[in-house]
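Presented below is the structure to which this report refers.
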Amino acid sequence: MSRPSSFVPTPDQDVLDIKPLRTLSPMFPAPLGVNTFNQPSSPGTPPMVFVTTAGQFPGLRSFSAFGAQDAAGGRPASSNAQATGFGGQSAVYGGKTAANGTSNAGASADVPIDATPISVCKPTPPPTNAGASAGTPIYATPLAAYKPKTPNVIQLDDDDDDNDDDDYAVNQTSASGRAIKRPYRLSGYRTSGGLGSDSNSGVKIKRHKSSNRMAGTDHEFTLEPHSSSDPREVVEEVLMTFEALRRRHLQLDEAQETGKRADLKASAIMNAKNLRANAGRRIGGVPGVEIGDIFYFRMELSIIGLHAPSMAGIDYMTATFGDRDDDSVAICIVAAGVYENDDDATDTLVYSGSGGNNRNNEDMHDQKLERGNLALERSLSRKNVIRVVRGYKDPGCLAGKIYMYDGLYKIHESWKERTRAGINCFKYKLVREPGQPEGFAIWKMSRKWVANPDTRGNVLHPDLSSGAEYLPVCLVNDVNSEKGPGLFTYISEVKYLKPLSSLKPLQGCRCVSACLPTDSTCGCSQCNGGNLPYSSTGLLVCRKPMIYECGESCLCSVNCRNRVTQKGAKIHFEVFRTENRGWGLRSWDPIRAGSFICEYVGEVIDDEKFSLDDSKDDYLFQTVCPGRKTLKWNYGPELIGEQSANVSPDTFEPLPIKISAKKMGNISRFMNHSCAPNAFWQPVQFDHGDDGHPHIMFFALKHIPPMTELTYDYGEIGADSSGIGSPRAKSCLCGSSNCRGYFC
DNA sequence: GGCTACTCATATGC
DNA sequence: CGCATATGAGTAGC
């Protein structure tokens, strides 16, 4: 993950200060790097010229707004979050906790009226268990007597006084890890070799014989020789591969109007090839997974070892505590978030046990103290930490649910509650362990800002673009007293040297209304290698030397799905003062991998007149070969037997285009470099056919949580010889584990 | 004990 | 709203 540059933790800083999510990662020290991206701006001078698309704006309105904000602001830096008032100790009891639990709606901050501590609940006496069928509930068994026979026995230090994670270092002694052999049936997609067999009846993939999957320690996962030993890298690689596979499957499915659940297909392949991280179970944090990480599928949680079950909300394991009996303890829960209201409590959570509410209202029955519920109950007495993943259904968001890892919690109490439907339901109150970086709290906060930008503190200007962008671009400084970046003119479109009309036109398609993935005759689809380059939700499927969107010469409408980047960015950006890298760009919205972020806007520089002076331009964009991570974004086709679409540094061919955003540009001029970036550039054509001078569009390399700095790999000039000697080379201290040390 | 094969529980994602 | 289904626990049997 890119190291957001803006945070050097200091003792006096408020924990709730608005900071990027990742900065407190224990794995990486705070970045020390400084680059010279932003011109220094003296406090007295107007910081910039605000310009609309129509032309240069006199700036009167802007400047006065600027001053007003400034005066009104006047808050000390790094103290803006308190006003939002989350993190309180408010209890989450009552109405919210149970969609079905109306009886408690009025019970405020106290144990619900009809709540009974589970310890008081007397389980019904065990049925004569001799001939107990498989379905016999264990509910009846007294806890102490309950001794699961699962072979996955893991020993723990029997020492639960301390909060330290190390206490839960897991020694896997006997871990047979019996793999369930089950053919993975991938119906409805065709492979062109590789794993393929019998595409009519679906492809069967045998799961890897994984005798060593549970053995040893963490990372037997290797994708390829380059693969990192850094757990963070491994996790990101797994997720990137999953996403690449999923997008490609989606594309194939759409083309054939068949199949669904590309997420399941992708994970089937991942599992078949044993491409997963952190196999096995553990109490406490998962290596390479950081608080604030976001996910879009339950499968993603599963393949990185964060939460193994693909559907169930409670992940648990059997462990041996010292010389005591084996015990099942909960290790991770996914709080679905369907009962989410305006509850501001971000450090407590009331979780409902599982079971009982069968579909169709038939067969409703009391929840039983077994499996996950039992594990939670045992975790209450064991006091072990439990990972919490918060699910959040954004009403305004078309995509389904987003999951965010919110760190470690402990169960503080449990009780039984009668739901509206009349069944007994277990409730568990979880409290977030102190001292962890904020996760869900930042999420909630940024949602609030999106709903009402006025609630964002430390604002220097409400819209840097003065309306030129689809959404306002907030300028903020949580760090120091600097008033803004150096002077520049905000424009929203690239300034070409020649009028577009004089450029070679782009060939269009003759699709009526909209280009369809099933239509192989679509000219634009053919230009893109036979498929539409974007998914139906607008995600880029694959990184390519060039993407051709539909344009003016096409007959299709503006609603055609092959028009994505030309419509502009639709993200709530903010330009913010980083701690040590000048100004940077980040987003209030979560950004899903493959999403369009923004275009590199500036003045196209004439290749012939390119001078030494220009080469010192810090805002010059050139198509320099980026690092491995960016090049590998497509990794996935190889896994399903397709030809690799990847470009290697050897075959990379730069384009002649050079864009300078020094004097005029847009938000993308604030994107800093990182050797572990979360965005990449992609050439796109839609309004002209000069392939040497395409639009440079940025897409998300991975899921980007809100408030994480957006970065891309500036690349290295003369990678083969000496990038360091290059006139533009700057030393890089992005802080990532694979930092190259310099960039251009 | 090691292993396979089966059932069951879960609720997601489309 | 219905449907197909991945994962893992648990059980039975060889």
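Lettering follows sequence order; numbering is per chain, from 1.
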Have a look at Arg298(A) and say if it touches a base, only the backbone sugar-phosphate, or nothing, with a 4.0 Å heavy-atom cut-off.
sugar-phosphate
Rounded to whole angstroms, how far apart are CE on Met317(A) and C1' on dG8(C)?
15 Å
Between P on dG8(C) and CD1 on Ile314(A), what's the gap in Å once rounded to a whole number?
16 Å
For a quick check of understanding: with a heavy-atom distance under 4.0 Å over all strands, which category does Asp315(A) fall into, base, sugar-phosphate or nothing?
nothing
Starting the side chain at C-beta, find the nucleotide from dA6(C), dG8(C), dC14(B) nearest to Ser310(A).
dA6(C)
If you take all heavy atoms of Met299(A) and Ser310(A), which pair is closest and at what distance?
CE-CB, 3.5 Å
Could you give the OH-to-P distance, from Tyr296(A) to dC14(B), as a whole number of Å?
13 Å
Output the rounded distance in Å from CD (Glu254(A)) to P (dC14(B)).
11 Å
Would the distance check show the side chain of Arg561(A) and the main-chain N or O of Tyr534(A) forming a donor-acceptor pair, the cut-off being under 3.5 Å?
yes
Looking at the rings of Phe699(A) and Phe596(A), which for Trp means the six-membered one, are their centres under 6.0 Å apart?
yes
When you measure from the side chain of Arg371(A), which nucleotide among dT10(B), dC14(B), dA9(B) comes out closest?
dA9(B)
To the nearest Å, how far apart are Met299(A) CE and dT5(C) P?
12 Å
Under a 3.5 Å threshold, yes or no: a donor from one side chain and an acceptor from the other, between Asp315(A) and His307(A)?
no
Ranking dT12(B), dT5(C), dA9(B) by distance to the side chain of Leu264(A), first place goes to dT5(C)
Please confirm whether Arg247(A) makes a cation-pi placement over Trp633(A), using NZ or CZ under 6.0 Å from the six-membered ring centre and within 45° of the ring normal.
yes
Could you state the atom-to-atom distance from CZ of Arg261(A) to C1' of dA11(B) in whole Å?
10 Å
Taking dA6(C), dA9(C), dG13(B) as options, the one with an atom nearest any side-chain atom of Tyr316(A) is dA9(C)
Rounded to whole Å, the OH-P distance (Tyr351(A) to dA11(B)) equals 7 Å
Whole-Å distance between dA11(B) P and Leu301(A) CG?
15 Å
Taking only the side-chain heavy atoms of Arg281(A) (C-beta and beyond), determine which of dT10(B), dG8(C), dA4(C) contains the nearest atom.
dG8(C)
